[in-house]
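Counting starts at 1 for both ligands and their atoms, following the listed order. Position 1 is the first residue of the sequence; numbering continues from there.
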Amino acid sequence: MMKFNISTFGCQMNEHDTEKIIWTLEKIGYQQTGYRDEADIIIFNTCAVRKTAEDRVFGQLGELQDLKRKNPNLIIAVCGCLMQKEEIRDYFLKKHRHIDIVFGTNNIHKLPQLIDRYLRTNEKVIDVIEDTKEISENIDSNRKYFYKAFVDIMYGCNNFCSYCIVPYTRGRERSRSVKSIINEVENLAQTGCKEITLLGQNVNSYGKTLDEKITFSQLLTILNNIEGIERIRFMTSHPKDFSDDLIDAYKSLDKLCNHLHLPVQSGSNRILKLMNRKYTKEEYLDKIYKIRECVPDIAITTDIIVGFPGETEEDFKETLDLVKKAKFDSAFTFLYSIREGTNAAKMTNQIPDEIKHERFQRLLDVLYPIGLESNQKLINTVQKILVEETSKSDENILSGRTESNKLVHFKGNNNIIGQIVDVEITDAKTFTLEGRLV
Ligand code: 5AD
Ligand code: SF4
C-alpha cells in the first residue's frame, strides 16, 4: 500500500485544499502517514503570500534530498500557490531537481492521474492550470474534524491590492453554485458537523459571477435554515464591500457567529490608496462603529501590514490611532514582504527591515492590552463553547471556542468533544480564556 505524507503552508484555503488532496488519495487506496521517512510520496502544499513562507518551503524541500537519496523510489510532489507562479515554479524546479510532480490549485482532482503518469514514464510531471473558469465539483474532502468544516464558496480574487500575490496565483473570482454549496452543507450536517466556515478571498462579492441572482447575505440566510448546523462563520470579507445587508444578517440570523474578520491593512489614507484598498480610514471606522452599535457583543479581528513601501512615521501613527479606535479583539500582523509581479514590488521606497521590526513591536504593544481588555469583559459570563480537543500537555483540559471565536480552556472529559456546552469564564489572558463547565 502506498503511503503519503502531506505538509500544509499558509491559510485556511490551503488547509482545506489539503483535506481535498487527502480525500483524493485515500479514494485510490493510499494511506496517510505523519512520518516523512516512511512515505512513498511526500506532498508540499505551498503558500506564496509572504517571502518567509516561500523560504520555509524552499528550505524544507532541500532537506528532502537526503530522503530521496536513501529511497530513490520516493515521489516528491509540490502544489499550491507557489507553483501557480511560473517564475517561482521554474526557480524551484531548477534548484531542487528532486521534485517529481508539480500541480496547481486548480487541478487537485487530477493528482491520481499525475502520479500514474509519473510512475509509468519516470519523468517529471508538471501540470498547472494558470486560470480557469471551471470549478471541479466532483471532489470531496477528508476533513480533519467531524464537528467543524471549511466550505469553499468562491475562488480567486479580482481586487489586486498592490502588495498581494493572490490574484496572480488563484486567478479571477468565481463563485460556486448555491446548489452545490447547500448540498455540501446538508451532507456535513448529516454527519454531525455543527460549525461551518465559508471560505473565499472576498466573500462579500459572492454570486457576482453566477447566472442566478444571489448575494452573500442571501446565501447566509439559506444556510441558516439547514438543520443540524449551529454555527456559521466566514472568511474573509473586504471592507469596501461590507454593506448594511450583512449587518442585518448578523441581527436576523441566529446561527451567524458574532465575529467579524475585517482586514484593514493600514490606518493611513495615503497608504490605503497606494495599497489599492478603495476605502478610507474614516469609512472603515464608520463600518466598525455601525456594526458594534447593531451587534454589541461582536468580536472584530483584522489583518495589518507594517512597513508598506513609503510608509512614514506619520502613516504608521495613523495605524496605531485606528487600532485604538477600532478596539480590535485581536489582529494578524505582518511585516510587508515584497512579492515579485505585484505593483508594490516595483515601488522604490521600500522600508528598511529595522524600521519595519520596530514598528511591528510598537503595534503589538498597542494591540495586546486592547485584546486583553476585551477578553476580561467576558469574565463571569457564561459562554456557549464548541468543544474542540484535549490539551496536548494535560488530557483533563479541553479547549474550544466561543461564538466570537475566542479560545477557552477548561476541565472536562473528552467525551464532550464536538458538543456545544456552557462554560463560565473565570480568567482572561491576551490570547486565551479560562473557564469552568456549568
Ligand atoms: N506582505 C505582507 N503581508 C501580506 N499579506 C498579503 N500580502 C502580503 C505581503 N506582500 C497579508 C494581508 C492579508 C493577509 C492574508 O496577508 O494582511 O490580509
Ligand atoms: Fe489579496 Fe486584496 Fe484579494 Fe485579499 S482582497 S486576496 S489582500 S488582492
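- Ring orientation note: the planes of Tyr279 and His238 are nearly perpendicular, at an angle over 60° on the 30°/60° scale.
- Of all protein heavy atoms, the one closest to atom 7 (S) of ligand 2 is Tyr163 OH, 3.3 Å.
- Tested against Asn269, the residues Glu318, Lys281, Glu282, Arg277 include a single side-chain hydrogen bond (donor to acceptor under 3.5 Å, both in side chains) partner, Glu282.
- Contact between Arg170 and ligand 2 is absent, with no heavy atom of the residue lying under 4.0 Å from the ligand.
- By the 30° and 60° cut-offs, the orientation of the rings of Tyr163 relative to Phe308 is perpendicular.
- No hydrogens or angles considered: nothing links the side chains of Arg401 and Gln383 as a donor-acceptor pair under 3.5 Å.
- Remark: the Lys429 side chain and the Asn375 side chain contain no N/O donor-acceptor pair separated by less than 3.5 Å.
- Listed by chain and number, the protein N, O or S atoms at a distance under 2.8 Å from atom 3 (Fe) of ligand 2 are Cys157 SG.
- By the side chain to side chain contact (heavy atoms under 4.5 Å, CB included) test, Asp244 pairs with Ile247, Lys290, sequence neighbours left out.
- For ligand 1, the protein residues within 4.0 angstrom (heavy atoms only) are Val49, Arg50, Tyr163, Gln265, Asp303, Ile305, Phe334, Leu335, Tyr336, Ser337, Arg339.
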Show me the side-chain donor-acceptor pairs of residues 20-28 shorter than 3.5 Å, one per line, residues at least two apart or across chains.
residue, atom, partner, partner atom, Å
Lys20, NZ, Asp152, OD2, 2.6
Thr24, OG1, Lys20, O, 2.7
Glu26, OE1, Asn142, ND2, 2.2

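- Partner Arg143 forms a salt bridge (charged side-chain N to carboxylate O under 4.0 Å, His left out) with one of Glu184, Glu15, Glu195 and no other, that one being Glu184.
- With a 4.0 Å cut-off on non-hydrogen atoms, Arg277 touches ligand 2 through its side chain and not its backbone.
- Note: Phe4 and Tyr30 have tilted aromatic rings, judged against thresholds of 30 and 60 degrees for the angle between ring planes.
- Under the 30°/60° scheme for interplanar angles, the aromatic rings of His96 and Phe92 are found to stand perpendicular.
- A cation-pi arrangement, defined by a distance under 6.0 Å to the six-membered ring centre and an angle within 45 degrees of its axis, is absent between Arg56 and Phe9.
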